Amino acid sequence: MSEQLSHLDSEGRARMVDVSAKADTTRVAVAAGELRTTAEVVRLVRADDMPKADVLATARIAGIAGAKKTSELIPLCHQLSLSSVRVNFGFTADAITIEATAKTKGPTGVEMEALTAVAVAGLTLHDMVKAVDPAAELTGVRLLTKDGGKRGHWERGQDDAPEHRAAPGDPAEHSHAHHPTGGEPDVRRDGSPEGSRTAVVVVASTGAAAGTRVDKTGPVLVDWLTGQGFSVRGPLVYADAEIAAGLADALTGAPGLIITTGGTGASPTDATPEATLAVLDRELPGVAETIRLRGTATFPLAALSRGVAGLAGRTVIVNLPGSPGGVRDGIAVLEPLLDHLLAQVAGGGSHD
């Protein structure tokens with residue numbers, strides 16, 4: 001890691017970094033934060049029952065607008081042509097989580113744009129809940145991952161030594177990237193590879209994406225995965241028609257595990273299995289079938305689920321139905337399998 005601040009010249013004066021000699025590459029950054037508040041505020045926001053209506057939609061738009069204004073707010077940031085900014089929210093018992101993904105193609109990164117989107121979205125949430133909870137606290141604004149440019153892939157918690165970075169010039173969106181170290185993964189005490197303990201939860205729900213219904217599946221999966229020792233992104237909520245974009249978002253940074261809920265039925269709008277199959281390299285049919293069998297033991301209509309499971313590079317992807325019961329069935333099947341499965345995928349377990 002450089003021991004000099006890039007925004008200071010040799011005499012210690014502030015400067016804008018000259019990036020004219022850098023190559024244009026696709027660059028993606030993901031940032032996160034949370035608004036800590038009360039359980040009552042969380043309930044009100046999830047029910048969209050605040051005095052200022054449509055809380056999440058307003059905060060999402062504010063975050064996107066903030067990202068676009070970053071160079072005006074942060075003096076030494078370059079003006080960027082942003083190709084995409086996404087802001088997603090999740091809930092815990094006493095917090096609203098915020099995650100922003102910014103993307104561009106150019107000679108410099110979009111970390112500040114992603115961070116600004118989180119900060120502005122969080123401040124907007126604070127403004128909208130302060131009448132109920134003036135003590136709400138925006139905290140934990142941080143960069144999670146970045147891709148593109150000379151350094152390739154970086155993620156929070158990863159050793160920043162050069163041998164732990166992707167090769168120069170690698171594309172930003174390694175949906176099927178190898179382990180970031182380029183070698184064998186480190187192994188945890190429980191036998192699972194260190195890099196495998198990252199997970200993303202994706203919810204396919206047109207109603208939840210529009211704010212007209214409350215998703216009751218994503219938070220359950222986040223809580224369960226966190227309890228299993230995973231670092232979790234999400235839940236990322238996408239309309240059924242946008243689930244392919246949701247999977248592309250989730251694959252950014254090549255997490256060890258992606259679990260989706262919703263969009264697995266026979267409705268014309270249910271597209272999660274098709275979107276998943278489009279990114280899989282290999283299927284794990286036994287996992288999907290076992291989840292279906294467990295569901296049909298108590299709920300015969302579970303047989304209609306078309307969910308699939310498989311591998312996109314070293315990322316395990318599992319589709320679950322969009323119901324609390326379907327998620328419970330999925331958790332029951334996955335819990336005894338996950339450590340061994342992730343170890344196998346990363347090369348640290350038996351391949352019998």
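The structure presented is a predicted model; accordingly, all values stated were derived computationally and were not measured. If you read the sequence from its start, that first residue is 1, and numbering goes on from there.
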Legend entry - Stepwise side-chain contact (heavy atoms from CB on, under 4.5 Å) check, Asp215 with Phe91: CA-CA 10 Å; Asp215 167 57; Phe91 299 96; over 6 Å; no

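- Among all heavy-atom pairs drawn from Pro235 and Val203, the shortest one is CB-CG2, 4.0 Å.
- Between the side chains of Asp133 and Thr38, no donor N or O sits under 3.5 Å from an acceptor N or O.
- Salt-bridge annotation for Asp339 and Arg197: present, with a side-chain N of the basic residue lying under 4.0 Å from a carboxylate O of the acidic one.
- Side chain of Arg60 to main chain of Val87: a donor-acceptor pair is present (N/O by atom type, distance under 3.5 Å, no hydrogens or angles).
- Of the charged side-chain nitrogens involved, at least one lies within less than 4.0 Å of a carboxylate oxygen, so that Lys130 and Asp127 count as a salt-bridged pair.
- Under the 3.5 Å distance criterion, the side-chain polar atoms of Asp223 are left unmatched by any main-chain donor or acceptor of Val220.
- When atom types are taken as modelled, the side chain of Ser305 and the backbone of Pro321 share no donor-acceptor pair closer than 3.5 angstrom.
- In terms of modelled atom types and a separation under 3.5 Å, the side chain of Arg43 and the main chain of Val41 share no donor-acceptor contact.
- Between the side chain of Asn319 and the backbone N or O of Val308 there is at least one donor-acceptor pair closer than 3.5 Å.
- Electrostatic pairing of Arg306 and Glu274 counts as a salt bridge here, judged by a charged N lying under 4.0 Å from a carboxylate O.
- Salt-bridge formation is detected for the pair Asp249/Arg86: a Lys NZ or Arg NE/NH1/NH2 atom is positioned less than 4.0 Å from an Asp or Glu carboxylate oxygen.
- The main-chain N or O of Gly256 is found under 3.5 Å from a side-chain atom of Thr198 such that the two form a donor-acceptor pair.
- A distance-only check finds no donor-acceptor pair linking the side chain of Asp329 to the backbone of Ile291 [under 3.5 Å].
- A distance-only check finds a donor-acceptor pair linking the side chain of Thr315 to the backbone of Pro255 [under 3.5 Å].
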